[in-house]
Asker: 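Input: one structure, supplied below.
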There are 2 protein chains.
Amino acid sequence: MLRPRSILLMPQHEHDPCSSCAARGYSVCSAIDDKDLGRLAATAVVRDLAKGETFIEEGDSASDFFNVTRGTVKLYKLLPDGRQQVTGFAGAGHFLGLAVSNTYAFSAEAIEQSRVCRFSRPKLRELLHDFPALEERLLQTACNELVAAQEQMLLLGRKTARERVASFLVARLETGIPCVNPSDAIALPMTRGEIADYLGLTIETVSRTFSRFKAEKRIAIPSNTEVVILDRPWLSGIAAGLQ
Amino acid sequence: MLRPRSILLMPQHEHDPCSSCAARGYSVCSAIDDKDLGRLAATAVVRDLAKGETFIEEGDSASDFFNVTRGTVKLYKLLPDGRQQVTGFAGAGHFLGLAVSNTYAFSAEAIEQSRVCRFSRPKLRELLHDFPALEERLLQTACNELVAAQEQMLLLGRKTARERVASFLVARLETGIPCVNPSDAIALPMTRGEIADYLGLTIETVSRTFSRFKAEKRIAIPSNTEVVILDRPWLSGIAAGLQ
DNA sequence: CAAAGCATTTGACCTGGATCAATGAGCCAT
DNA sequence: ATGGCTCATTGATCCAGGTCAAATGCTTTG
């Protein structure tokens with residue numbers, strides 16, 4: 001009776017990380033049938049990340065791809081003097097590292113306790129070859145990111161500070177894990193500084209804009225990591241550039 | 001002896017637009033063998049565009065994909081009050097319309113006399129099915145655009161006006177049709193206003209920055225549609241945020 | 001529960017780039 | 001050539017958001 005015991009003793013995520021993965025539903029992995037999950041699990045290496053841990057460094061040789069399965073990571077680019085632009089926040093299900101080049105074009109850092117699934121480039125290539133649906137899914141993902149990137153360019157190039165913050169809040173509400181937004185509460189795992197670096201603003205401007213929305217009764221701020229939308233239509237209007 | 005005559009009379013681009021296409025080399029079409037070009041030509045519809053003509057309108061139902069084969073088009077997004085963000089300029093070889101959604105996420109307008117090749121969505125789907133290399137090529141294209149978009153976010157969110165203009169000039173030099181930059185001359189088919197809308201600045205700031213670079217002997221401006229880079233290393237330094 | 005260490009907020013002031021306003025410079029069409 | 005375009009340049013002024021400088025919480029740790 002050794003077999004059952006060994007399975008019991010083995011942490012489940014080491015036995016079959018994929019079938020029990022919280023991100024299984026949303027991520028690109030959903031393109032792979034349950035019966036082939038073992039193959040996927042054998043290819044992936046799970047890595048836990050502490051808050052603040054950087055796991056992709058811009059310019060490094062792009063040897064791996066990642067899939068975020070827990071927590072949140074920020075993707076960013078730096079200028080030599082330390083100015084930082086956050087290009088996105090990636091939560092569970094997000095696929096990272098799509099690049100034709102041999103080096104990463106951005107850095108990635110966990111902004112809270114997180115977990116990623118790592119695939120080596122050659123192994124992912126094999127997977128893509130064996131599961132054409134996966135390639136199609138990746139193309140879809142890339143297209144969606146491109147659309148999001150264009151929206152962000154509009155925000156960074158042409159929107160006011162108020163419009164940027166409103167856009168950020170509304171987008172967070174929409175991007176939330178589907179149907180899991182009791183009332184209109186948003187979790188903000190990132191700091192004000194990270195929001196500022198995402199919106200092309202300063203910490204002070206983000207904070208002031210939050211305070212003003214709060215004074216105008218459009219939002220409530222129960223804690224530093226949580227915002228409640230009180231007047232969603234109004235915020236959506238501001239975000240869209242109306243008025 | 002009717003056959004040769006009919007071919008002679010027929011404009012070549014109606015006979016086989018693809019084999020004689022100037023963009024054949026760079027575009028996604030390069031993923032398709034010469035022997036299959038007829039198939040590609042049968043799928044595509046050539047359309048000539050006058051300067052200022054809009055051929056994709058944000059929000060319209062996304063029924064077609066396009067490949068620019070001549071001239072230059074600008075891709076842009078608008079806010080209700082008319083503020084405009086140009087998300088990119090697409091020259092010969094550029095593929096447009098990648099989107100999962102059913103509506104276009106941006107508008108596109110020819111900024112000079114141009115020509116595009118139009119593919120209907122279902123027909124492109126067929127092509128993708130029959131030529132897996134094409135799908136792979138599209139994924140590569142999408143990845144490259146994603147990298148460019150992230151770079152542009154850094155520019156829009158964190159660079160100064162000087163750095164933006166320098167980045168624009170250096171990028172134009174690099175993106176030029178490979179090995180066809182006699183000296184360091186850049187063609188600028190777009191107006192100052194379009195450059196401004198691309199860089200998140202105003203016409204006046206773009207013009208002033210050009211004038212200043214010129215006064216500092218870093219560039220020359222032989223005409224409104226042409227710039228010559230005189231000090232490329234210096235401009236690259238500014239573009240990268242050094243100094 | 002005090003002290004240290006952050007992240008955040010708030011206030012006072014400053015500035016890079018926007019806005020407003022002419023002026024100049026090509027480019028047609030007549 | 002000349003008047004009427006449009007696009008680009010240049011100057012003067014203004015202001016949204018940046019910078020600098022204190023407070024004010026929140027955690028964490030001893």
Side-chain angles (χ1 to χ4, degrees), chain A residues 50-52 74 79 81-85 111-113 155-168 187-216 219-227 238 241 243, chain B residues 50-52 74 79 81-86 111-113 155-169 187-216 219-227 238 241 243:
Chain A
K51 178 173 177 169
K74 70 170 175 187
L79 288 172
D81 61 2
R83 279 174 287 173
Q84 178 172 142
Q85 179 64 40
I111 61 172
E112 59 181 341
Q113 169 68 41
L155 179 149
L156 293 170
R158 290 298 181 224
K159 289 188 183 177
T160 65
R162 263 170 94 74
E163 289 166 351
R164 292 181 200 205
V165 174
S167 300
F168 172 71
L188 296 182
M190 66 292 287
T191 66
R192 297 289 184 270
E194 285 159 342
I195 296 172
D197 284 340
Y198 180 56
L199 300 178
L201 300 170
T202 58
I203 294 182
E204 293 92 329
T205 299
V206 170
S207 179
R208 270 187 258 268
T209 308
F210 272 17
S211 298
R212 200 166 150 206
F213 284 165
K214 184 180 164 189
E216 294 168 348
I219 65 173
I221 311 180
S223 85
N224 277 342
T225 58
E226 203 180 351
V227 165
I238 296 293
Q243 148 176 182
Chain B
K51 178 172 176 169
K74 71 170 175 187
L79 287 173
D81 62 2
R83 279 174 287 172
Q84 178 172 141
Q85 179 64 39
V86 172
I111 60 171
E112 59 182 340
Q113 170 67 41
L155 179 149
L156 293 169
R158 290 299 182 222
K159 289 187 182 178
T160 65
R162 263 168 96 75
E163 290 165 351
R164 292 180 199 204
V165 174
S167 300
F168 172 71
L169 292 173
L188 295 183
M190 66 293 286
T191 66
R192 298 288 185 271
E194 286 160 342
I195 296 173
D197 284 339
Y198 180 55
L199 300 178
L201 300 171
T202 58
I203 293 182
E204 294 92 330
T205 300
V206 170
S207 180
R208 270 187 256 270
T209 309
F210 273 17
S211 298
R212 198 164 151 207
F213 284 165
K214 184 180 163 188
E216 293 169 348
I219 65 173
I221 311 180
S223 83
N224 277 342
T225 58
E226 204 180 349
V227 165
I238 297 292
Q243 153 186 189

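In this text, all values refer to a predicted model and were calculated from it rather than measured experimentally. Per chain, numbering begins at 1; letters A, B, ... match sequence-line order.
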Asker: Restricting to non-hydrogen atoms, name the atom on A:Gly157 and the atom on B:Gln85 that form the minimum distance, rounded to 0.1 Å.
Answerer: CA-OE1, 3.3 Å
Asker: Kindly give the heavy-atom pair with the smallest separation between B:Ile203 and B:Ala196, and that separation in Å.
Answerer: N-CB, 3.6 Å
Asker: Among residues at least two apart in sequence or on other chains, which ones pass side chain to side chain contact (heavy atoms under 4.5 Å, CB included) with A:Lys51?
Answerer: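 For A:Lys51, no residue satisfies side chain to side chain contact (heavy atoms under 4.5 Å, CB included) once neighbours in sequence are set aside.
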Asker: Closer to the 5' end of DNA chain C via nearest nucleotide, is it A:Arg158 or A:Gly193?
Answerer: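 With A:Arg158 and A:Gly193 compared, the 5'-side residue is A:Gly193.
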Asker: Could you tell me whether the side chain of B:Arg164 and the main chain of B:Lys159 form a donor-acceptor pair under 3.5 Å?
Answerer: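 Side chain of B:Arg164 to backbone of B:Lys159, a donor-acceptor pair under 3.5 Å: yes, one is there.
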Asker: Which nucleotide span of DNA chain C, 5' end to 3' end, has atoms closer than 4.0 Å to non-hydrogen atoms of chain A?
Answerer: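 Contact span on the strand: C:dT8 to C:dA12.
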Asker: Taking atom P of D:dC7 as reference, at what distance in whole Å does atom CD1 of B:Ile195 sit?
Answerer: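 After rounding, the gap between these two atoms is 13 Å.
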Asker: To check you understand the geometry: which heavy-atom pair defines the closest contact between A:Val227 and A:Phe210, and what is its length?
Answerer: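 Taking A:Val227 first and A:Phe210 second, the nearest heavy atoms are CG2-CE2, 4.3 Å.
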Asker: Taking side chain to side chain contact (heavy atoms under 4.5 Å, CB included) as the test, write out the residues that go with B:Glu216, two or more places apart.
Answerer: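 So B:Glu216 forms a side chain to side chain contact (heavy atoms under 4.5 Å, CB included) with B:Arg162, B:Arg212, B:Phe213, B:Arg218, B:Trp234.
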Asker: Compare every heavy atom of B:Glu163 with every heavy atom of B:Ile238, then report the nearest pair and how far apart it is.
Answerer: O-CG, 3.3 Å
Asker: Does the protein touch nucleotides 24-29 of chain D at the base, only the backbone, or not at all? Give it as B, S and - per nucleotide, heavy atoms under 4.0 Å.
Answerer: ------
Asker: Using the side-chain contact (heavy atoms from CB on, under 4.5 Å) rule, take B:Arg192 and B:Asn224 through it: C-alpha gap first, then chi angles, then the decisive distance, then the call.
Answerer: CA-CA 9 Å; B:Arg192 298 288 185 271; B:Asn224 277 342; 3.8 Å; yes
Asker: B:Ile219 has an atom CD1; how far is it from atom C1' of D:dT9, in whole Å?
Answerer: 13 Å
Asker: Starting at atom CG of B:Asp197, determine the distance to atom P of D:dA8, rounded to an integer number of angstrom.
Answerer: 12 Å
Asker: Distances under 3.5 Å between protein N/O atoms and the N/O atoms of nucleotides 10-17 of chain D, please, pair by pair.
Answerer:
residue	atom	partner	partner atom	Å
D:dT10	OP2	B:Ser211	OG	2.5
D:dG11	N7	B:Arg208	NH1	2.8
D:dG11	O6	B:Arg208	NH2	3.3
D:dA12	N6	B:Arg208	NH2	3.4
D:dG17	OP1	A:Ala161	N	2.9

Asker: B:Glu226 side chain to B:Leu188 main-chain N or O, any donor-acceptor pair under 3.5 Å?
Answerer: no
Asker: For A:Arg158, which residues count as a side chain to side chain donor-acceptor pair (under 3.5 Å) partner, sequence neighbours excluded?
Answerer: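 Expected list: B:Asp197.
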